[in-house]
Amino acid sequence: MSRKRSVEVFSAGCPTCDDVVERVREAGCPSCGITVHDMNTSEGSGRARELGVHSLPAVAIDGDLADCCSGRGPDLGTLRAAGLGQPAE
């Protein structure tokens with residue numbers, strides 16, 4: 001019997017997240033075990049912390065955050081450079 005690939009989708013239930021969940025399900029195959037984690041639950045947010053999820057939606061495959069989903073999320077340095085915390089002129 002072939003091994004199942006673990007595919008985890010992290011979602012907050014917004015339309016963008018829902019679209020990614022649908023696309024992952026459509027792209028998956030019979031050997032893809034797809035789990036959708038609800039970030040509004042302690043279980044979902046806890047698993048996201050374990051994997052280093054910083055923005056949503058996000059996808060992990062076999063326990064590794066996909067390259068397209070890693071290293072993202074708000075960065076205060078970048079936001080400050082864009083004007084956060086500075087009076088508008």
Side-chain angles (χ1 to χ4, degrees):
M1 186 162 99
S2 64
R3 177 180 83 80
K4 280 227 181 229
R5 179 173 307 283
S6 169
V7 179
E8 299 172 272
V9 183
F10 296 86
S11 169
C14 68
T16 300
C17 291
D18 290 344
D19 181 56
V20 169
V21 169
E22 182 179 330
R23 292 187 312 168
V24 167
R25 285 185 171 149
E26 288 173 357
C29 66
S31 66
C32 292
I34 300 171
T35 302
V36 178
H37 294 286
D38 181 353
M39 294 297 291
N40 297 302
T41 67
S42 59
E43 180 182 316
S45 61
R47 179 64 178 146
R49 265 190 305 280
E50 290 174 4
L51 294 178
V53 172
H54 295 288
S55 65
L56 298 175
V59 179
I61 299 176
D62 290 335
D64 293 318
L65 199 56
D67 286 344
C68 61
C69 302
S70 64
R72 297 184 330 172
D75 173 72
L76 284 178
T78 302
L79 295 174
R80 285 187 180 118
L84 177 67
Q86 301 170 20
E89 296 178 8

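Below, each value reflects all heavy atoms present in this structure, side chains not excepted, and no hydrogens, waters or symmetry copies.
- Formation of a donor-acceptor pair under 3.5 Å by the Glu8 side chain with backbone atoms of Ile61 is not found in this model.
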* Given Val36 and Phe10, is the side-chain contact (heavy atoms from CB on, under 4.5 Å) satisfied, shown in steps? -> CA-CA 6 Å; Val36 178; Phe10 296 86; over 6 Å; no

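- Here the SG-CG distance, from Cys69 to Leu51, works out to 11.0 Å after rounding to the nearest 0.5 Å.
- Checked for salt-bridge contact, Arg72 and Asp67 miss the test: no charged N lies under 4.0 Å from a carboxylate O.
- Once rounded to the nearest 0.5 Å, the distance linking CZ of Arg3 with OG of Ser31 reads 8.5 Å.
- Residues Pro74 and Leu79 have side chains in contact (heavy-atom distance under 4.5 Å, counting atoms from C-beta outward).
- With contacts defined as side-chain heavy-atom distances shorter than 4.5 Å, the pair Asp18/Ser11 qualifies.
- The pair Glu22-Arg25 does not meet the salt-bridge criterion, since no charged nitrogen lies less than 4.0 angstrom from a carboxylate oxygen.
- Cluster membership check: Val20 shares its hydrophobic cluster with Val7, using side-chain heavy-atom separations under 4.5 Å among Ile, Leu, Val, Met, Phe, Trp and Tyr.
- In this structure, CG in Leu65 is found 12.5 Å from CD in Glu50, a value given to the nearest 0.5 Å.
- Using a 4.5 Å cut-off on side-chain heavy atoms (C-beta onward), Met39 and Leu56 make contact.
- For the pair Leu76 and Leu84, the minimum side-chain heavy-atom distance is below 4.5 Å.
- With rounding to the nearest 0.5 Å, the separation of CZ in Arg47 from OG in Ser42 is 14.5 Å.
- For Asp38 (side chain) and Gly44 (main-chain N/O), no donor-acceptor pair under 3.5 Å exists by modelled atom type.
- A chain of hydrophobic side-chain contacts below 4.5 Å, direct or via other Ile, Leu, Val, Met, Phe, Trp or Tyr residues, connects Val21 to Ile34.
- Within 6.0 Å of CD in Glu26 there are more than 12 heavy atoms belonging to other residues, nucleotides or ligands.
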